[in-house]
Structure formats: structure tokens, C-alpha cells
Visitor: 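Submitted below is the structure of interest, expressed as C-alpha cells.
All values reported here derive from a predicted model rather than from experimental measurement. Throughout, protein chains are lettered first and strands after them, A, B, ... in sequence-line order, and every chain is numbered starting at 1.
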2 protein chains.
Amino acid sequence: MAAANDTATLGPLDSFVGYHMRRASARMSVDFHAAMAETGIRQVVFGVLSVIAANPGINQGQIGKVLGIQRANMVSLIGELTDAGYVSRTTSPEDRRAFVFQLTDRGAAAFADGLARIRLHEDRLLRDLSVGERETLVALLKRIQASGAD
Amino acid sequence: MAAANDTATLGPLDSFVGYHMRRASARMSVDFHAAMAETGIRQVVFGVLSVIAANPGINQGQIGKVLGIQRANMVSLIGELTDAGYVSRTTSPEDRRAFVFQLTDRGAAAFADGLARIRLHEDRLLRDLSVGERETLVALLKRIQASGAD
DNA sequence: TATTGTTATACTCTATAACTATA
DNA sequence: TATAGTTATAGAGTATAACAATA
């Protein structure tokens, strides 16, 4: 019958925030990785770069905490960044268990380049949204994040 | 309480829609799966259930198309639903290559139960957002999805 | 005893390519 | 030749548990 030829509908799924969030997030991820392909920097790795840039001398556990990354998964992320020469890792003088991090010059350049790429990527993908609408969106997303942040 | 608790900042990452989308989406997913744990129905599987419910007689490829799921990945999803007795699969009378699907009575009951659980889950997680804000959020997310939908 | 970072591992989710049977 | 569904497989992404060094 008709359903076989028309575009299918989502049903009640269409009313759920979670469904549309998952689809929109996936779409943005695909576009992000396309925009960053030449740099080899993935979403999560860029996040680590940004946190180190904003908090020089931060340690591994603190980076993971603010970004919601498990300690075990931080290891390879940090490894990528040190292997690429983007961050320097030194033992903390205050706690010899911990490593503290800073961007290298190369890392700062890669970060700046990444920022520019991501701004273009978001401008392209969100070109139908006004600046005010983007701010509204970010504000709503932050409130979801904050609402039950244990 | 003297120390360790200046929380690190995100840096420029904080201004990106994509970052907050990814975090908020991940959070909603975790809560979704907790809410649905007793049913064993995952996010994607519930989506398939909803599309079949709304489009009885739809075939596998069409379900995947509307939900953005690859043909290859539809196979096990459909398998889960037929194994659970939630959907009936019959060869299409019009195209013997294709299967068409309908909810069984059990499937309709599971779908209704799932809907109720998800509504509670979203009401709980989004309790700090007004109804109008949720609608705004969904509308913005849909526009991201639609903007470059090839 | 608790914490920082590490290793090993497993599970989910999604993507690609090659196959079959129908069209 | 093209399409619907299938199989096999690989790659991210994330989660848990146990361990060493240090606090």
C-alpha cells in the first residue's frame, strides 16, 4: 500500500529529543572528521588539546575529568599527542605520580589550525541557524549536561 | 578543600556546538539505556520498532533509509526484533527479494511500554527545560539534520 | 590505604566489500 | 545490469578490572 512508496515516517520517535540529538550529533561528527581529515586530529583528541591549551600544567586525570574521559582511555590519547609532538609531558614536581602537560609550539600551531577548520566546519553545517539560534542551542545543550551532572 | 578543585576550563572548545552536542547526546544515551535496561531494547532498535509501527508493511531498506542505518547493519537489528517476537517478517508479494514487516501484538505492547519509559526518561533528564525549550531544541536539531541532507 | 597512570581486554556502534536471489 | 538482503570483517569509541609507583 501507500507506505511502500512514500517516504516513511518516524512515528512517535519523531517527538523525542534523544533521537534527534543522536542523529544531529552523528552528522556533525562525520562532517568534523571530514574537515579535520588532513590534520589527523579526531574530536576527542582536539578536546584534549583545547583543555591543555587552556590549562597549562594540567595533569592527565584532570583532563579526563573535565572531558568525561576514563583514565584508561586517556593513555592512548596523550600518546597520540606526544607522538605528534603537540604536547610536552613532564613529571609533576609536586606529585611524582602525575604527568603535567603543555602545548609545544607545533601543538599551538596545530591547535590554531584546528580551531580555524572547526569554525569553518560549524559555519558551513550550521549556516541555516542564526548566531542567536546557535547560542540558544549551546545553552540548552549545556543545561542538559549540567542538570544531572553527578 | 583547599586544593585540587579549581575545575579546569575547556578553552575554545566551549564555544563549539559539536562538542556540547556530543556530550549531551552521550549523556542521554546512557540514561536511555538505563531506563530501557529491563526491556533489553536499545536506542537504534527502538527506532526500528517505531518506524515499523508507523509504517506497517515497510521493507528493510526503507527502514534503514529513514533512520540512516546501513543495509548490512539492518540485518541483526531485524533479527533481534523477530527473535523477540516483536515483528513479523513476510516476503513482499510485490517483490520477492524484499521482506515486509509488521508489529505483532507482543511488539505493539513492547513498543507502548518503551514509549512510556522513554517519556519518563526524557521528562526526568530534561526536567530543567520547559516544554517550549524542548520544542525549540528539537526544531534546531531537525534543522541541522535537514540542512545538508543529501 | 588511596591515587596516578598503565595494561589488557571486551563490547557496542558503524562502515565497507563481496556474495545470493530476485528484478 | 540493478536492487534487497546477507555475510564477514574491520575500525572507532568507550567501559571495566587489575597492576605498579607514589602519596
Side-chain angles (χ1 to χ4, degrees), chain A residues 4-5 8 18-19 21-23 25-34 36-37 40-48 57-82 87 89-101, chain B residues 3-5 8 18-19 21-23 25-34 36-37 40-48 57-83 87 89-101:
Chain A
N5 295 323
Y19 171 72
M21 186 100 79
R22 197 163 58 84
R23 294 297 303 272
S25 181
R27 185 178 214 298
M28 292 202 72
S29 285
V30 168
D31 201 87
F32 179 101
H33 288 115
M36 294 290 278
I41 299 176
R42 293 168 296 135
Q43 262 181 314
V44 188
V45 174
F46 186 84
V48 174
I58 194 171
N59 73 33
Q60 208 161 311
Q62 290 169 326
I63 297 168
K65 188 176 177 189
V66 65
L67 289 173
I69 303 170
Q70 305 282 333
R71 255 207 284 280
N73 295 327
M74 280 300 302
V75 179
S76 63
L77 298 178
I78 289 294
E80 283 184 50
L81 290 172
T82 53
V87 308
R89 163 168 60 183
T90 55
T91 301
S92 168
E94 296 163 0
D95 182 343
R96 296 207 318 280
R97 295 171 301 184
F99 291 130
V100 295
F101 301 92
Chain B
N5 292 335
Y19 170 72
M21 187 99 78
R22 197 164 57 84
R23 294 296 304 272
S25 181
R27 184 180 215 298
M28 292 202 72
S29 285
V30 168
D31 200 88
F32 180 100
H33 288 116
M36 295 290 278
I41 298 176
R42 293 168 297 133
Q43 263 181 312
V44 189
V45 174
F46 186 84
V48 174
I58 194 171
N59 73 36
Q60 208 162 312
Q62 291 168 327
I63 297 168
K65 189 176 176 188
V66 66
L67 289 173
I69 303 169
Q70 306 281 333
R71 259 206 283 282
N73 295 326
M74 281 299 303
V75 180
S76 64
L77 298 177
I78 290 293
E80 283 184 50
L81 290 172
T82 54
D83 288 353
V87 307
R89 164 168 60 183
T90 56
T91 301
S92 168
E94 296 163 359
D95 183 343
R96 297 208 317 279
R97 295 172 303 184
F99 291 131
V100 294
F101 300 93

Visitor: Rounded to the nearest 0.5 Å, what separates atom CG in B/L81 from atom CD1 in B/I41?
Guide: 7.5 Å

Visitor: Whole angstrom is fine here: how far is it from CD in B/Q70 over to C1' in D/dG11?
Guide: 14 Å

Visitor: Less than 4.5 Å apart, any side-chain heavy atom of A/D95 and any of A/N59?
Guide: no

Visitor: For A/H33 and A/E94, take the nucleotide of DNA chain D holding the closest heavy atom to each; which residue's nucleotide lies nearer the 5' end?
Guide: A/H33

Visitor: In whole angstrom, what separates A/F46's CZ from D/dA12's P?
Guide: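 A/F46 atom CZ is separated from D/dA12 atom P by 20 Å.
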
Visitor: Mind checking which nucleotides bracket the chain B contacts on DNA chain C, 5' to 3', with an atom under 4.0 Å from a heavy atom?
Guide: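 Range of nucleotides touched by chain B: C/dC13 to C/dA23.
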
Visitor: Between protein and nucleic acid, restricted to nucleotides 3-5 of chain D and to nitrogen or oxygen atoms under 3.5 Å apart, what atom pairs and distances do you find?
Guide:
unit_1, atom_1, unit_2, atom_2, d
D/dT3, O2, B/R97, NH1, 2.5
D/dG5, OP1, B/Q60, N, 3.1
D/dG5, OP1, B/F99, N, 3.2
D/dG5, OP1, B/F99, O, 3.4
D/dG5, OP2, B/G61, N, 2.5
D/dG5, N7, B/R71, NE, 3.4

Visitor: To the closest 0.5 Å, what do you measure between CE (B/M36) and CZ (B/R42)?
Guide: 11.0 Å

Visitor: Roughly how far apart are B/S92 OG and B/F101 CZ, rounded to 0.5 Å?
Guide: 10.5 Å

Visitor: Quick one: label A/A26 by what it contacts on the DNA or RNA (base, sugar-phosphate, nothing), any heavy atom closer than 4.0 Å.
Guide: nothing

Visitor: So how far is it from A/F32 CZ to B/R22 CZ, rounded to the nearest 0.5 Å?
Guide: 8.0 Å

Visitor: Would a distance-only check, ignoring hydrogens and angles, find a side-chain to backbone donor-acceptor pair under 3.5 Å from B/R23 to A/L67?
Guide: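 Yes.
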
Visitor: When rounded to the nearest 0.5 angstrom, what is the spacing between CD in B/Q60 and CZ in B/R89?
Guide: 7.0 Å

Visitor: Please report, rounded to the nearest Å, how far the C1' atom of D/dT14 is from the CZ atom of B/R23.
Guide: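 In whole Å, D/dT14 C1' lies 13 Å from B/R23 CZ.
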
Visitor: For the CE atom of A/M74 and the CD1 atom of A/I63, what is their distance to the nearest 0.5 Å?
Guide: 4.5 Å

Visitor: Please state how far atom CG in B/N73 lies from atom P in D/dT7, giving the value in whole angstrom units.
Guide: 13 Å

